[in-house]
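In listed order, ligands and their atoms are each counted from 1.
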Amino acid sequence: MGTRVAVVGSGPAGFYAADALLKSEDPPVEVDLIERLPTPWGLVRLGVAPDHENIKAVSRAFERVAARPGFRLFGNVEVGRDVTHDELAAIYDAVIYSVGAQTDRQMGIPGEDLPGSWAATEFVAWYNGHPDFQDLEFDLSGTTVVVVGNGNVAIDVARMLALTAEELAPTDTTDPAIDAINGAGIEEIVMLGRRGPAQAAFTPPELQELGELAGADVHVAPADLELDPASEAALEQDRDRARRNVDILREYSTRPTASGKTRAIRLRFLTSPVAIVGEGKVEAVEVVRNRLETDERGRIVAVPTDERETIPCGIVFRSVGYKGVPIPGVVFDERTGTIPNEHGRVEPGLYVAGWIKRGPSGVIGTNKKDATETVGLVLEDARAGLLSHESDEGLDEVLRRKGVEFVEYPGWEAIDAAERAAGEPRGRPRVKLTAWQELLDAARAGAPS
Ligand code: FAD
Ligand code: NAP
């Protein structure tokens with residue numbers, strides 16, 4: 001028998017880790033991939049925007065990993081609820097946590113929890129069909145939406161809200177989300193960046209796409225694009241992202257203000273929310289104008305001025321970053337929302353990969369290098385004789401003893417087939433099953449008897 005490794009979390013980091021482990025010959029490795037949902041792929045299924053179907057296609061590479069000898073999926077199994085870390089540590093030589101960042105960062109301003117103030121994490125999970133988020137009700141009847149943050153998730157949220165019925169129809173966005181977006185009263189989506197255009201975290205292709213929407217114009221005030229000397233200098237050093245972003249924004253600032261499209265996306269910079277206000281629900285965001293300063297570490301930071309303004313709006317999406325949550329029995333750094341590690345090793349036998357290792361940033365491909373680095377250390381520790389397990393019981397036996405129903409890969413394939421079959425006659429890649437019971441029922445149909 002080879003080295004037994006549990007990988008917890010089936011997003012990109014988990015699959016890239018499984019891939020690197022299963023390629024090892026010295027030692028040979030068997031991988032059990034444990035996932036709390038009945039479905040794999042993490043944010044590729046439940047985060048990546050539904051109108052970016054080509055990006056979701058990375059799951060084909062993960063399907064090839066799952067087909068390798070030595071791979072086994074245990075879906076519908078949450079570590080910390082259905083099985084403990086200590087139980088895993090007893091039956092595996094090594095455990096790699098690749099559980100991502102399951103919640104949102106807080107801004108710490110008054111009114112953040114008012115009804116109508118939502119984390120982007122919630123909205124994204126809802127329109128993508130995450131089974132834990134389907135009971136949420138987003139009131140999109142107001143004319144103005146505020147999206148806080150200048151990252152690619154903020155762009156995803158703004159773009160999804162601006163898509164036309166024709167743009168949404170061929171996607172795997174859930175039906176309730178399609179209906180809500182089509183029926184929304186939205187006229188303006190205001191995106192707030194606390195720093196300037198040269199510091200925006202979005203990537204140029206995503207920013208460019210905002211300017212190519214069928215049903216929405218994009219606006220930027222020329223005054224917002226005036227750069228301070230430090231930002232000008234930064235543009236010279238970051239020609240791939242910052243320079244290209246600013247060029248795209250400058251082109252947006254020259255566009256006519258009205259073109260007959262029904263919705264508008266307004267990008268504002270140097271503007272921070274200081275409070276979300278309203279009687280029992282969101283009615284406005286109070287913002288402050290910022291100026292930029294270079295701090296003692298050389299970082300360009302936003303500093304508030306006295307200039308304040310109120311932006312009336314019906315709903316707010318806070319898109320200021322994701323945050324990791326602890327796994328019971330495993331060390332955790334509350335401040336960074338990560339499991340403390342060195343290059344992926346917490347200690348011999350316990351490792352991390354992906355967003356729980358380095359924090360919630362980076363695209364899908366970033367997790368490949370990251371997971372490969374971690375696996376290098378697992379193999380190094382295995383070859384050094386540092387890894388062992390106490391129990392020869394299999395995870396399937398432990399789960400059966402505890403009465404936990406788990407979804408194996410054929411169960412997921414049955415869910416996948418059911419979803420694709422439902423999508424096909426409607427010209428959509430799939431119609432997702434979004435309720436736990438539906439997912440488990442579909443998985444049972446594919447389970448080996
Ligand atoms: P995740 O993908 O989050 O996977 C973690 C998995 O762990 C999940 O399946 C979760 O259910 C599971 N899990 C959590 N806790 C437990 C537990 N206790 N027990 C068992 N399982 C558990 N990158 C791009 O390249 N292109 C894009 O278009 C793109 N769009 C994005 C859109 C959004 C909204 C977001 C948030 C990110 C996007 N990214 C995109 C970035 C990319 O999705 C991430 O880099 C990547 O998913 C991080 O991988 P991960 O494996 O660390 O985490
Ligand atoms: P992100 O890129 O880190 O952006 C977070 C944004 O929130 C930044 O603009 C940040 O501003 C701002 N912010 C943080 N705290 C704030 C506060 N208190 N008030 C106001 N603004 C605040 O995070 P993300 O958008 O969640 O994306 C996560 C990762 O997924 C990124 O690497 C992203 O590229 C990736 N992703 C990729 C795609 C794609 O490729 N299409 C799509 C989605 C996500 P500061 O810079 O000033 O801190």
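- Ring planes of Trp355 and Tyr322: perpendicular class, angle over 60° (limits at 30 and 60°).
- Here the two rings, on Phe123 and Phe133, have centers that are 6.0 Å apart or farther.
- Less than 6.0 angstrom separates the ring centroid of Phe15 from the ring centroid of Phe71.
- Atom 26 (O) of ligand 2 has its closest protein heavy atom at Val153 CG2, 3.4 Å.
- Applying the salt bridge (Lys or Arg N to Asp or Glu O under 4.0 Å) rule to Glu226 yields no partners; only residues at least two apart in sequence or on another chain are considered.
- In this structure, a donor-acceptor pair under 3.5 Å is present between the side chains of Ser117 and Arg318.
- Of the protein's heavy atoms, Gly151 CA, 3.5 Å lies nearest to atom 4 (O) of ligand 2.
- For atom 23 (O) of ligand 2, the nearest non-hydrogen atom of the protein is Gly321 CA, 4.4 Å.
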Below 3.5 Å only, please: the N or O atoms of ligand 1 paired with protein N or O atoms, distance on each line.
| from | atom 1 | to | atom 2 | distance (Å) |
| --- | --- | --- | --- | --- |
| ligand 1 | 2 (O) | Leu43 | N | 2.9 |
| ligand 1 | 9 (O) | Glu35 | OE1 | 2.6 |
| ligand 1 | 9 (O) | Glu35 | OE2 | 3.2 |
| ligand 1 | 11 (O) | Glu35 | OE2 | 2.6 |
| ligand 1 | 18 (N) | Val79 | O | 3.1 |
| ligand 1 | 19 (N) | Val79 | N | 3.1 |
| ligand 1 | 21 (N) | Arg36 | N | 3.1 |
| ligand 1 | 23 (N) | Ile364 | N | 3.4 |
| ligand 1 | 25 (O) | Ile364 | N | 2.9 |
| ligand 1 | 45 (O) | Trp355 | NE1 | 3.2 |
| ligand 1 | 45 (O) | Gly362 | O | 2.8 |
| ligand 1 | 45 (O) | Asn367 | ND2 | 3.1 |
| ligand 1 | 51 (O) | Pro12 | N | 3.4 |
| ligand 1 | 51 (O) | Ala13 | N | 2.9 |
| ligand 1 | 52 (O) | Trp355 | N | 2.9 |

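- For Thr203, no nitrogen or oxygen atom sits less than 3.5 Å from a nitrogen or oxygen atom of ligand 2, counting backbone and side chain alike.
- Close approach of ligand 2 to Asp156 (heavy-atom distance below 4.0 Å) involves ligand atoms 42 (C), 43 (C).
- Within the structure, the salt bridge (charged side-chain N to carboxylate O under 4.0 Å, His left out) test picks out the following pairs touching residues 351-362 (sequence neighbours left out): Lys357-Asp370, Lys357-Glu373, Arg358-Asp370.
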Should Thr171 and Glu53 be marked as a side chain to side chain donor-acceptor pair (under 3.5 Å) after you check the CA-CA gap, both sets of side-chain angles, and the distance that decides it?
CA-CA 7 Å; Thr171 72; Glu53 201 198 333; over 6 Å; no
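- Between Arg195 and ligand 2, at least one N/O pair is under 3.5 Å apart.
- The ring pair (Phe, Tyr, Trp, His ring centres under 6.0 Å) analysis of residues 202-253, with sequence neighbours excluded, yields no pairs.
- Scanning all protein heavy atoms for the shortest distance to atom 30 (O) of ligand 2 gives Trp355 CZ2, 3.6 Å.
- The only member of Val146, Ile315, Leu114 that meets side-chain contact (heavy atoms from CB on, under 4.5 Å) when paired with Val282 is Leu114.
- Annotation: atom 8 (C) of ligand 2 to nearest protein heavy atom, Asn150 N, 4.0 Å.
- Among the atoms of His52, none of the N or O lies under 3.5 angstrom from an N or O of ligand 2.
- Closest of all the heavy-atom pairs between Phe406 and Arg400 is CZ-NH2, 3.6 Å.
- The aromatic ring centres of Trp412 and Trp41 sit less than 6.0 Å apart.
- Remark: the His130 side chain and the Glu122 side chain contain no N/O donor-acceptor pair separated by less than 3.5 Å.
- Nearest protein heavy-atom contact of atom 2 (O) of ligand 2 is Ala201 CB, 3.6 Å.
- The single protein non-hydrogen atom nearest to atom 21 (N) of ligand 2 is Val320 CG1, 3.6 Å, given as residue, atom name and distance.
- A donor atom on one side chain and an acceptor atom on the other are found under 3.5 Å apart for Ser272 and Asn290.
- Among Lys323, Arg194, Arg159, the residue whose heavy atom lies closest to atom 15 (N) of ligand 2 is Arg194.
- Below 3.5 Å of separation, one finds an N or O of Gly362 facing an N or O of ligand 2.
- Not a single protein heavy atom sits closer than 4.0 Å to atom 10 (C) of ligand 2.
- Heavy-atom contacts of Pro360 reach the following atoms of ligand 2: 28 (C), 29 (C) (cutoff under 4.0 Å).
- Protein heavy atom in closest approach to atom 38 (C) of ligand 2: Asn152 CB, 3.5 Å.
- Between Phe138 and Phe317, the ring-plane angle classifies as tilted under the 30° and 60° cut-offs.
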